[in-house]
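Data block below; observations after.
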Amino acid sequence: MDALSFPVITFPPNPKLTSSTVNNDHRFQNHPVLLSLIDHCTSIKQLKQIHAQMLRKGLFFDPFSASRLITASALSSFSSLEYAHQVFDQIPQPNLYTWNTLIRAYASSSDPVRSFQVFLQMLQQCCEYPNKFTYPFVVKAASELKASLVGRGFHGMVIKSSLGSDVFILNSLIHFYGSCGDLDLAYRVFINIPRKDVVSWNSMITAFVQGNCAEEAFDLFRAMEVENMKPNDVTMVGVLSACGKKVDIEFGRWLCSYIERNGIAVNLTLNNAMLDMYVKCGSVEDAKLLFDKMPEKDVVSWTTMLDGYARLGKYEEAHRVFDAMPNQDIAAWNALISSYEQNGKPKEALAVFHKLQISKSAKPDEVTLVGTLSACSQLGAFDPGRWIHVYIKRQGFKLNCHLTTSLIDMYAKCGNLEKALEVFNSVERKDVYVWSAMIAGLAMHGRGRAAIDFFSKMQKAKVKPNAVTFTNILCACSHSGLVEEGRNLFYQMEQVYGVVPGVKHYSCMVDMLGRSGRLKEAMEFIEKMPIARTASVWGALLGACRLHGNVELAEHACSQLLELDPRNHGAYVLLSNIYAKSEKWDQVSRLRKLMMDCGIKKEPGCSSIEVNGIVHEFLVGDNSHPLSKDIYTKLDEIVARLKSIGYVPNKSHLLQLVEEDDMKEQALNLHSEKLAIAFGLISTAPSQPIRVVKNLRVCGDCHSVAKLISKTYDREILLRDRYRFHHFKAGHCSCMDYW
DNA sequence: ATAGGGTTAG
């Protein structure tokens, strides 16, 4: 919803229209010398001197002369809006031009809301109506703020005041509707412009690109040819950006040659757009060739190159570019942080953030924080995550939806659902991503009912759910065994909410049905799918077969899965699991051999635990940790103690055939999650919960052991596995053993 | 009497 409230727009009466006090009567002689001096000012100090002279000579009370002063103080390179506004307030009778200047300056300032305030004041106080110059400025402010209702209000006013055919205003409206994501309305404005100019086309193309409709942008670009409209540099920047999004290097190369053939002026921005296209299409080589030829480079050019290497995982080159850039602004740091974070290297991302803090060469911005928080989420690194939250508060960052979403995600994935809820409740503005993150948080903590509750609250708040919201809510239903609710939501998706179910939603449904033991229904559901079945759908069925020990269906699911994705190690592992559970060891070793022959490796189990801000990682049977000896001693102690209260190791969770019984036990005890928990017990205070993150699904035996430890050692254990959270407390797990 | 709309990195 719109955060800005805007009064009903009516034109106020115009009391001063007939008044004789209006000071536009040229009583004052212009003072050409003084006025031309304004244009030569290079600092606020000089302007203030002229201001003083103007006051002495009475020139300041001439609206025209005052307007020149306002223009210089509000729009020049050394401008000070605050000063401009103070001067403005002293002008007895500002004219429309002067009002427009102030509105314009505020529209492109960091606080565009103020241009609305000045606009409203103008409606009341100025003796003239807003004109064709006023609207582009306020509409621009509305675009900046994505203030969709306010902008529509302006559109209405434009029509009422018969300015509805001004191409400047209409172009700004295209831009406005585009930035609000309302592409249909933007297009409606566009097609109704009788004499479109190149800016009209550019605005519409850019709107399509930014709304992720690259094809439509290309269509429009081609239509320009037909309509004999010559594209310019801005047009090319737009289509190149679309090209990067589509990862279509062929078309991108063609566009570059088009620019050359048609003699389109290449400036720095256009060069940067070409660089970006090459980088996004994965050709850092092409980018490098262009980069070396560019006559002028700015920080964007350097950062784009850095990003090009980093996103390919060429970190050595990326760091070389980083060191070579004239100055590393925050964007450069962000490129490094996000590439690490997005390439599954969250530890490295945190390390870069740490370096940034020490170097103090740039101030973290919102992008930095979002990337770093995401790294914390991946790691389950609660301490750094919490630290960043404090930092956000201390630095006075306003929580926008992006940051809010990241914080909720971080707290949820670090096991602190209460904190996530606290952040959620503390913010006024909640968009679909904020709601979806909260629902995902509830889902991974097994709070299915609450998730459904939030989903209906979301409807009441009039926030439209999207595909991600549905993935999360279906996942919540699945993890809590809420089959009826999940089924209903699935069937409402398209009919009630207009969200067409994608393959992720089908996978969720298969998981939900299968997990709850409805294997037959799950299979029928797959057969009736109207869209192409992917590996993930069969994977969900396979997982359910393992849970319920259905060998036959598992074999079918597995063969279907491998047909679609022959190198899917998860499929082999799951099927081995199923064979192992029913003690078909010959099948287990057959699969093992098959995997070896195909060179497919099981993803090794890995658990990490954060102690005092340091993340420790454990692999299966790991003894690389400095405290390894102590850890194994502790583990022996734990097992002995648990056995004395009736724990029986569950050997069916082993993957390989181990003949001797005690060997089996040992193999179980080598599981990474047990090592991490044992390390947690010896290295953290008894009051502290143990927070472990595992890359795979938690093993059944480890799950039982964690429950028993939570009781026997009176310790909370928070274990996050690949799919969800297990919150062990006093002998119970939050998943209620349904996972 | 002065003026306006569309552009690139994360």
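Note on naming: letters A, B, ... go to the chains in the order of the sequence lines (proteins, then strands), and numbering restarts at 1 for each one.
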With a 4.0 Å heavy-atom cut-off, tell me which residues in [range] come close to DNA chain B, sorted by residue number.
{"range": "residues 186-213 of chain A", "answer": "A:Asp197, A:Val199, A:Asn202, A:Ser203, A:Thr206, A:Gln210"}
{"range": "residues 284-322 of chain A", "answer": "A:Val300, A:Thr303, A:Thr304, A:Asp307, A:Arg311"}
{"range": "residues 332-340 of chain A", "answer": "A:Asn334, A:Ser338"}
{"range": "residues 217-251 of chain A", "answer": "A:Asn232, A:Val234, A:Val237"}
{"range": "residues 71-89 of chain A", "answer": "none"}

**Study point:** Pair listing, ring pair (Phe, Tyr, Trp, His ring centres under 6.0 Å) test, anchored in residues 210-229 of chain A, at least two apart
**Key:**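 For residues 210-229 of chain A: A:Phe218-A:Phe251, A:Phe221-A:Tyr258.
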
Point to revise | Qualifying ring pair (Phe, Tyr, Trp, His ring centres under 6.0 Å) pairs, either residue in residues 340-369 of chain A, two or more places apart | key: A:Tyr315-A:Tyr340

Review point. What residues, two or more places apart in sequence or in another chain, satisfy side chain to side chain donor-acceptor pair (under 3.5 Å) together with A:Asp323?
Key: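 A:Asp323: no side chain to side chain donor-acceptor pair (under 3.5 Å) contacts found.
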
Check your understanding: If you look only at pairs with a residue in residues 197-217 of chain A, which of them pass as a salt bridge (charged side-chain N to carboxylate O under 4.0 Å, His left out), with sequence neighbours excluded?
Key ->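 Sorted result for residues 197-217 of chain A: A:Glu215-A:Lys246.
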
Just to verify, what does [X] make a side-chain contact (heavy atoms from CB on, under 4.5 Å) with, not counting sequence neighbours?
{"X": "A:Arg253", "answer": "A:Ile249, A:Glu250, A:Tyr278, A:Ser283, A:Asp286"}
{"X": "A:Val321", "answer": "A:Trp302, A:Met305, A:Leu306, A:Tyr309"}
{"X": "A:Pro94", "answer": "A:Phe88, A:Ile91, A:Thr98, A:Trp99"}

Check your understanding: Does any N or O donor sit under 3.5 Å from an N or O acceptor when you compare the side chain of A:Asp166 with the base of B:dG4?
Key -> yes

